[in-house]
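In the text below, chain A, chain B and the rest are named by the order of the sequence lines, each starting its count at 1.
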Amino acid sequence: MTYQPALELAAQFKDELNPNQWRAATHLDGPMLVIAGAGSGKTKTLVYRVAHLIHQGIDPSSILLLTFTKKSAYDMMRRASSIVGDRSQQVAGGTFHSVANMLLRVFAPTVGFDPGFTILDRSDADDLIGVIRGNWLSRLDVRFPKKSTIGSLISRAVNTGKSLESVIAEDSPNFLEMASDIRQIAIEYTERKRTSQLMDYDDLLLFFREALENRLVADQISEQYRYMMIDEYQDTNAIQCDIIRMMGRHGNVMAVGDDAQSIYSFRGASIQHILDFPTHFPNTQVVTLDQNYRSTQPILDLTNAVIGQSTHSHYTKVLFTNQDGGARPVYIEAMDERAQSQYVKTQILAFREEGVSLNDMAVLIRSGYHSNDLEIELNASGIPFQKFGGFKFLETAHIKDVVAYLKVIQNPSDEISWSRVLGLLDGVGAKTISRIISNLDRLRAGETIGLHKKRCWDGLKQLLGVLENRDLPAKLLDRILAHYLPLMTIRYDDHHRRMGDIESLKPIVARFDSLPLLLSDLSLDPPELSQGGVLGGGSDDERLTISTIHSAKGLEWQVVFLISMVDGYLPSMQSLGSDDQIEEERRLLYVALTRAKRYLMILKPHMESGGRFGSGVALTEPCRFLTQSNLIAHYTNQIVLKKESRRHRQWVVPGSLDSPQPSRKKYYF
DNA sequence: CAACTAAATCTTTTT
DNA sequence: GATTTAGTTG
């Protein structure tokens, strides 16, 4: 990549950016807040700013880019390097968690941790809580919240800065009488993490903030990162906000966000932080980006109307576009989930025949399981898809098993991984596990601690041999698999399918030559589990995307299907408690709708009482944010699917595709 | 003490 | 449907 002369580059900037984008991209020193509506070229602006800073002679390694996902950090860096060359590779970037991790690997001793600490993902954390909870439960005979519930209560308390008691009161008042027991579990959880050198996701932020309270640490870090940019600022929580303020005392902080897209309050995020930014950083300049480059006007009309009804929007902006024409969004009522899936499948095939790649289509859902029915349908029709959100590759039992061996090698005091690994041996249960863990040193020294005549003895000796070694991750994995694969074959009936996952883990592990790096990368940026049938014949990399709305944030597709838009799914049942939560669900709908570039289809199935909800409540009403002020009638074309139309396969095709469709029998079986 | 079976309960979103 | 608890067997 060749560098362009400064003048030429500036001219190119001015050509490709609108005046407000230009103002933000060429901003140099001092705090700036960019309020960027959906699809307003926010990423492009950030990329150009990076390029501009580097061009002004700023050392790339003094630029820190905090983004919401690692993927978007890479994305921006890649785009910046096409403008300004390889120097942009030196820009530091990542999520709050990954940056905290990176710096804690250096500064952990400041907060009393070993730099080789292990990161607990959510289910590891729950396992640890489960152990502690088990100890408590024997002394209790009341119904007690399960480990994952306790885990989220603790996490919520940490992230919102509220007391555990008040979180319980808001979240699950039915457990209020057990509050002091839960508190005791939380305290023990914190202690156990420290003695075992474990940090959960929250700890990464918490201890990073604590480290920054040390003047010497803060000085070095803010001196290193002279220019900071934070994307998705509306989703920062109080801890992250503190971190920004401590790291950014030089004031060269640019925050980018959209209060209308704040959807992470369950993680302690509050739009108050973006509203307070000008207070935290005096003399902040505010720039608003409100020209939309993504969607057609009919789609924007609907999204503007949806967010316009929000009572909580502060930086009000009505998005507009210069693009003409476009199809209105389509609202489809289906008899049931089955009919919904059928319709989506048929439409996908129709679009594909029109030349739209599966890569340009997405199905968005509020919760992971909302696509269960559709996934079955897609599998049956051989339409390949990739699902984001829901459970992850790393969370499947067999992958967690393998990673646990690696974690034990990295951090021998990680008791959770020890118990996972030991529990895999035949004849080893809870009692034996705790006996082994408390006598590890003696065992390693060659003592038998009275276990030599148990049936697990041989396996245990073999295990210890495997874990002795320090080697390249790839070699370690080979050794581990030699020990683990026989155990896996016995344990899981479907070990053939699981074997495939193990195989796909190998190349990932081979990319790393350092075990600590491998492990923190796996926890902070877990590879997504892709699934779905393979389209017959020359299968390219073409895949439909199914994604939760949360995971779809920041992305866009030509065609978007928003399914299961019944009141109770969105807004979700659990959110109906408070006005604030309901407003967040409205913003969630807004985020979903603004992902669509050209075609937007909203589906509402009729959910009969046969649904998963125990009380037998039928969910029949459309999403309340769409019925309010009759938005459906005003901004969409409506289709009601009748049984007959399904039988005869006479589909009504929206937009430019409304010519009669030929039957597509070849795809049905 | 480990492993299995049966009944009971609650079901969002993510780093 | 998964997770959890109690009760049973080997």
Answer with base, sugar-phosphate or nothing: what part of the nucleic acid does [X] contact at a heavy-atom distance below 4.0 Å?
X	value
A:Tyr264	sugar-phosphate
A:Thr432	sugar-phosphate
A:Asp426	sugar-phosphate

Note to self: Let's go through A:Phe266 and A:His550 carefully: what are the C-alpha distance in whole Å and the side-chain angles of both, what is the deciding distance for ring-ring contact (aromatic ring centres under 6.0 Å, His included) to 0.1 Å, and is it a yes or a no?
What the structure shows: CA-CA 12 Å; A:Phe266 66 92; A:His550 284 88; 5.8 Å; yes
Can you check whether [X] has a side-chain N or O nearer than 4.0 Å to OP1 or OP2 of [N]?
X	N	result
A:Ser551	B:dT14	yes
A:Arg455	C:dG10	no
A:Ser572	B:dT13	no

Which whole-number value in Å describes the distance from [X] [atom1] to [N] [atom2]?
X	N	atom1	atom2	answer
A:Ile150	C:dT3	CD1	P	16 Å
A:Leu120	B:dT15	CG	C1'	13 Å
A:Gln240	B:dT14	CD	P	16 Å
A:Lys431	B:dA3	NZ	P	15 Å
A:Gln574	B:dT12	CD	C1'	6 Å
A:Phe388	B:dT15	CZ	P	12 Å
A:Ile582	B:dT13	CD1	C1'	16 Å
A:Asp127	C:dT3	CG	P	10 Å

Notebook entry, point to check: Taking N and O atoms by type only, does the side chain of A:Arg366 place a donor or acceptor under 3.5 Å from a partner on the base of B:dT13?
Noted result: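 Side chain to base: pair found, below 3.5 Å.
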From the set [options], return the single nucleotide nearest to any side-chain atom of [X].
X	options	result
A:Thr548	C:dT4, B:dA2, B:dT14	B:dT14
A:His550	B:dT13, C:dT4, B:dT15	B:dT13
A:Thr69	C:dT4, B:dT14, B:dT15	B:dT15

For [Y], does the six-membered ring have the charged nitrogen or CZ of [X] within the cation-pi criterion, i.e. under 6.0 angstrom from the centroid and within 45° of the normal?
X	Y	answer
A:Arg498	A:Tyr492	yes
A:Arg587	A:Phe625	no
A:Arg192	A:Tyr189	no

Check: Quick one: on DNA chain B, does A:Gln581 or A:Gly429 contact a more 5' nucleotide (nearest heavy atom)?
Finding: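 Nearest-nucleotide comparison on DNA chain B picks A:Gly429.
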Notebook entry, point to check: How do A:Glu395 and A:Lys454 order along DNA chain B: which one's closest nucleotide is nearer the 5' end?
Noted result: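 Counting from the 5' end, the first nearest nucleotide belongs to A:Lys454.
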Next item on the list: Measure the distance between the ring centre of A:Phe266 and the centre of the six-membered base ring of B:dT12, then answer whether it is under 5.5 Å with planes under 30°.
Entry: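 Answer is no, no stack.
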Margin query: Quick one: does any side-chain atom of A:Asn439 pair with a main-chain N or O of A:Arg435 as donor and acceptor, under 3.5 Å?
Written below: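 Yes; at least one donor-acceptor contact below 3.5 Å.
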Next item on the list: Verify the distance criterion only: is there a donor paired with an acceptor across the side chains of A:Ser155 and A:Ser152 at less than 3.5 Å?
Entry: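 Per modelled atom types, A:Ser155 and A:Ser152 side chains form no pair under 3.5 Å.
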